[in-house]
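In each ligand, atom 1 is the first atom listed, and ligand 1 is the first ligand listed.
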Amino acid sequence: MAITSRDRLNQLDLLQLERWAESVQGKKLSGKILERLPSDPQEATVAVASLDDHHLAWGTTGATFPLMSVVKPFLLLYLLETLGAEVVFQKVGMQPSDRPYNSVVELEIDQGWPRNPMINSGAICLASLLPGESATARCEAFRQWLNQVSGAQLVLDQQVLAQVNAHPNWQNRGITHLLNLAGHFEHPQLVLDSYNQICCLRTTVTDLAALGLVLAGKNPQIGPKHRQLVNGIMLTCGLYEDSAQMMAQIGLPMKSGVSGAMVAIIPQAGAIAVYSPLLDETGNSVWSLALLEEISQSLELSILG
Ligand SMILES: NC(=O)CC[C@H](N)C(=O)O
């Protein structure tokens, strides 16, 4: 019987994971930390989890970090499960973006239509659909649902939220204003506050891998059609303008965040979560991408091969 990706994940040992991590560290990759999210450039950690509860973790595994844009696929999943695909895709498209994740220009070119849920315009628009009367109530309901379906223990990082709110972020204000003008929602401040709060949910690589397992198929309560929609949009849009190249090079649904977090999904097999705050020009974690490419190629995890 053929060996599957799930078998290869189950057979992976910590020594091999450590070898890959150390070989990527040996490449001395360079990147920049996002000024508004101060963090330790030395922190680097990875967690691998299979659907058969085989779990490995290496590096500064105790590091905690805000999800930032890694929350976006889970926001999409929550709204698909709560409201259904018809409602969700009246608010956002499935079209890859070719400009930065927080581009106002792209939203103007598209006449206020957000291309996909993985860029800020799409996620901010979807934040308007979150059930709840206040940003705090919306984030809390979402946080509880996410912890319930994954077993993770996400918490809202009030300190990071204060840092985010202290930064004007004119790009996101411009995006929110254009979406409001286009008639997608009323109460733009409530929508932006809701988006900012869910981006500040704090986690560890072990819990992020648990979140990833939900998209890999761990939880029978989550519909396969909704998992397919989220994984498909991650595959084509999850790394912004670098998504097509990384789809060809790595071949897995992935989502990055400017905290340096990254999650990769191996459908029906498992998930890999990585954290290193050094970012490339696109806003993707340099070390995380290199390590995911190493693991995916060595274990032949690509869903495209
Ligand atoms: N790419 C990201 O992680 C961006 C998330 C961040 N909350 C922002 O809107 O700028």
Original post:
Do side-chain atoms of N231 reach the backbone of L215 as a donor and acceptor pair under 3.5 angstrom?
Top reply: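 Checked: pair present.
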Original post:
Can you check whether P168's main-chain N or O pairs, donor with acceptor, with R173's side chain at less than 3.5 Å?
Top reply: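 Yes, because the side chain of R173 sits within donor-acceptor range (under 3.5 Å) of the backbone of P168.
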Would you mind listing which atoms of ligand 1 come within a distance below 4.0 Å of any non-hydrogen atom of [X]?
| X | answer |
| --- | --- |
| Y101 | 1 (N), 4 (C), 10 (O) |
| G257 | 3 (O) |
| C199 | 7 (N) |

Original post:
With the threshold set at 4.0 Å, does a side-chain nitrogen-carboxylate oxygen contact exist between D207 and R202?
Top reply: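 Not counted as a salt bridge, because no side-chain N and carboxylate O are separated by less than 4.0 Å.
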Nearest to [atom], what protein heavy atom do you find, and at what distance?
| atom | answer |
| --- | --- |
| atom 10 (O) of ligand 1 | R36 NH2, 2.8 Å |
| atom 4 (C) of ligand 1 | S69 OG, 3.1 Å |
| atom 9 (O) of ligand 1 | Y195 OH, 2.7 Å |

Subject >> Name of the residue among S69, S103, S97 meeting side chain to side chain donor-acceptor pair (under 3.5 Å) with Y240 >> reply: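 By the side chain to side chain donor-acceptor pair (under 3.5 Å) criterion, Y240 pairs with just one of S69, S103, S97: S69.
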**OP:** Report the relative orientation of the aromatic rings in Y78 and F142; use parallel for angles under 30°, tilted for 30 to 60°, perpendicular for over 60°.
**Re:**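 The rings of Y78 and F142 sit tilted, inter-plane angle from 30° to 60°.
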Subject >> Same apolar cluster: I233 and W113, side chain cutoff 4.5 Å >> reply: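 Each belongs to a different hydrophobic cluster.
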Original post:
Does N120 approach ligand 1 within less than 4.0 angstrom via side chain, backbone, both or neither, non-hydrogen atoms only?
Top reply: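 It is the side chain that gets close, since no backbone atom is under 4.0 Å.
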Original post:
Taking non-hydrogen atoms only, is N172 closer than 4.0 angstrom to ligand 1 via side chain, backbone, both or neither?
Top reply: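 Under 4.0 Å from ligand 1, N172 contributes side-chain atoms alone.
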